Every structure is written in structure tokens, then in C-alpha cells.
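What follows is one structure encoded as C-alpha cells, with my remarks underneath.
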Amino acid sequence: MVLSTNRIGLFQEAARFIHSCYEELGLSPQQQTLRVQEIEQEIIETGTYTHTEFELKHGAKMAWRNSNRCIGRLLWETLEVFDERQVQTAEEAFEKLVHHIDYATNGGDIRSTITVFAPRTDGIDPLRIWNHQLIRYAGYKKEAAVLGDSANIHMTEMCERLGWVGAHTPFDVLPLVIQEHGKAPELFELPTDCVKEVPISHPEIHGVDELNMKWHAVPIISNMRLEIGGIDYPMAPFNGWYMGTEIGARNLADADRYNMLPSMAKLMGLNTNSNRSLWIDKALVELNIAVLHSFQQAGVTLVDHHTAAKQFKVFEKKEQSCGRAVTGNWMWLIPPLSPAATHVYHKPYKNNIVTPNFFYQKDPE
Ligand code: ARG
């Protein structure tokens, strides 16, 4: 028997992955050949193949290493991989996701973690999660204004259609929406004690705590597809820890998100009538100092953008010494605060897509 044309692509991807993965792990050419033959047989018989546990684990780490938008890739080898491919129901998946949050949060000493659920088979996704991140705040449209996080209005409305009623504060943690293939999406409320949050205060400026800002400790992206050796994992939520600017220069600062710069400027007594007073810039810096200070106070891992850029430089050197070209998406890699003060700004990066990797995917149907 030979491979039909539509399976050749999968086989080639698989073979390419096996060779690089096994090579990196120091496995011999014979072991590589044997495994590739075994996979070829499995694809002929079943149309797909199954990763061994160590292939899955190393493949997921490679996917992080290849994530062009991520400045935190120096730590790719430290990723903790939970193999939950056997999970079949939304209910059980929810339990695993709560475990992921607990494990990753670790009382504030955040651990980079991914939980991998069943792969797509015959074009079918056994399980999908609708949430963009496991922990996100609801956004409610109120006529012209928005209460909460405007980035999540769509998801909030979906939860409401499924019967969820939020408390209508600016920081309501959204429930998870998990879907088994062929079934209606199901709603699961996260236990409040598993969601660690950090209240934002400032080391010097009084009154920042009274702005009642906070943010959740762990960013766990949950809607991307993990691709390893031609196999798609449509549900594989993963997390690192925050870089301060994600919260202080975007989530809380963007005019169409929490828009906190005018309130910061007011507290600081700045002249907001003149652009040339640089009140926006001053408020931004102080808001970011507040985020860095608050996470430190709360004992929650978070990296500042200068340290992150330095770590990325070490990553670039390390990759080069391993003979791998570093790919990157410059627009995403530069921090949104003082970008030109980091080396990343002054360097071109090739945005070539290398697999394994994480990809955007369409929402489930
Ligand atoms: N920027 C996103 C947020 O603010 C999180 C993206 C992933 N970030 C990370 N540090 N791993 O929620």
C-alpha cells in the first residue's frame, strides 16, 4: 500500500518534525528512521498518527520557541506540558482547565504551562473552547459606553445568551464555554478561589489604589491551534507570565479598553489640555510603575520590558549557537512603552512561520 496524495502532506510534515525533534533530543538516525516508518504505516492504515508523549511535550516546546510574537521565548524549555488527549467530555475538560489555572498560578510563582486536548481527526474537533483566554473580564455595552473590557463584548454576549448573568462590575471574570463535537456549547463558572488577581496601587502616588484597578495574574491563551508535525490540536491552552506593559500600556491604558490615563493624569495634577505637556506619556510611565510595583507586592511573577528584551537577546544568541535562525514579528516584539530603548527596536526580524507553532483559528461552529 502507498500513501494517497492527500496523506502525503501529513506524512511529509510528520517526517520533518520527527527528524528535527529526535535530532534535538539526541536520538539516533536509526531511531528516527524506525519512527518515521512506523508513522507512515499508521497513516496508511488510519489516515493519521498519534504522537508519543515525549513527541507531544517537545513539540509543544518547539511551538513556543517558534512563536514570532513572543518576547519571552528564552524560557521555552521550561514549559510544563499536560497531556490530556484522552479527555472526551466538556465537563472533564473543565476540571483539567481548573487544574491548569491552579498549577500555572502556583500561589503567584507562575509556571509556564500548556494543556493539550484531543487532536483534530477526520476534520472533526472533538473539543473546543470559545474563550480567547481562560481568565478574561466581561465587557457590557451600555449605549455609547462600555462597562468592563471592551475586548470581550462578543464573548460576554455569547455567555449571556447561554444564560450567564454577570455582576456588572468592571472586572467580572467570564465563565468558560466548552463545546463537544456535535453538541451545544456548555457554560462553566470558574471557582473564584482559583482566579488570582492583583489590585493596582502606586509606590508614591496616593489615590491610585482608589481608582480600583486590578488585573488577573495569569494570561492563558486558549483559542489558538497548536500544530505539531502536521497534527492539529484545536484546544491547547497555554500560558507564560505577563510583561508589565501588556497590562500597564495596553489593557488598562488603551483608550478603547480601560482608558485609565486621563484618571491617572488627574491624580498626578497634569495639564491635560496640552499635548505638549506629555501628560499621556507621564501617566503611562506611572501606570506601568504601578503595575510592576503591585505584582511585586502581591508576589506574582511579572517581567518588566527592559528585562524581557535582555532575555530575548540571550535567546537570540542561544538559538544562533544551536544553528537555528530566530524568526520574529517586530511589530509584536517591540514593547509599547519606550520601544527604542530596547535592542529589539533597532533590529530587523524575519517573520517566517516555522512549525511546530500556534495559529489563529476560526471560532467553533
Ligand atoms: N496581551 C495579552 C493580555 O494582555 C496576553 C498575551 C500573552 N502574554 C503573555 N505574557 N504570555 O492579556
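Only heavy atoms go into these numbers, but all of them, side chains included; no hydrogens, no water, no symmetry mates. Small disclaimer: the values here were computed from a predicted structure and weren't measured. For ligands, and for the atoms within them, numbers begin at 1 and follow the listed sequence.
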Please state whether the rings of Tyr140 and His168 are parallel, tilted or perpendicular, taking 30° and 60° as the class boundaries.
->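 Answer is parallel, since the angle falls under 30°.
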Does a side-chain N-to-carboxylate-O contact under 4.0 Å join Lys96 and Glu84?
->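 A salt bridge links Lys96 with Glu84.
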Name of the residue among Asn329, Asn352, Asn351 meeting side chain to side chain donor-acceptor pair (under 3.5 Å) with Asn68 |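 Only one option passes, and that is Asn351.
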Phe117 ring center near Tyr233 ring center (under 6.0 Å) |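 No.
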Any N or O of His216 closer than 3.5 Å to N or O of ligand 1 |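 No - when backbone and side-chain N and O of His216 are compared with those of ligand 1, no distance drops under 3.5 Å.
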Look only at interatomic distance and state if Trp215 has a nitrogen or oxygen under 3.5 Å from any nitrogen or oxygen of ligand 1.
->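 Checking ligand 1 against Trp215, no N or O pair falls under 3.5 Å apart.
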Look at atom 6 (C) of ligand 1 and say which protein heavy atom is nearest, naming residue and atom and giving the distance to 0.1 Å.
->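 Looking only at protein heavy atoms, the one closest to atom 6 (C) of ligand 1 is Glu246 OE1, 3.2 Å.
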Distance to 0.1 Å, residue and atom name: give those for the protein heavy atom nearest to atom 12 (O) of ligand 1.
->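 Atom 12 (O) of ligand 1 sits closest to the protein heavy atom Tyr242 OH, 2.7 Å.
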For Asn251, the ligand 1 atoms whose distance to one of its heavy atoms is below 4.0 Å |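 Selected atoms, number and element: 3 (C), 4 (O), 12 (O).
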Distance filter under 4.0 Å to Gln133 heavy atoms, resulting ligand 1 atoms |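 Per the distance check, 2 (C), 3 (C), 5 (C), 12 (O).
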Which heavy atom in Asp125 sits nearest to a heavy atom in His181, and how many Å separate them?
->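 For Asp125 versus His181, the nearest heavy atoms are O-CB, 3.4 Å.
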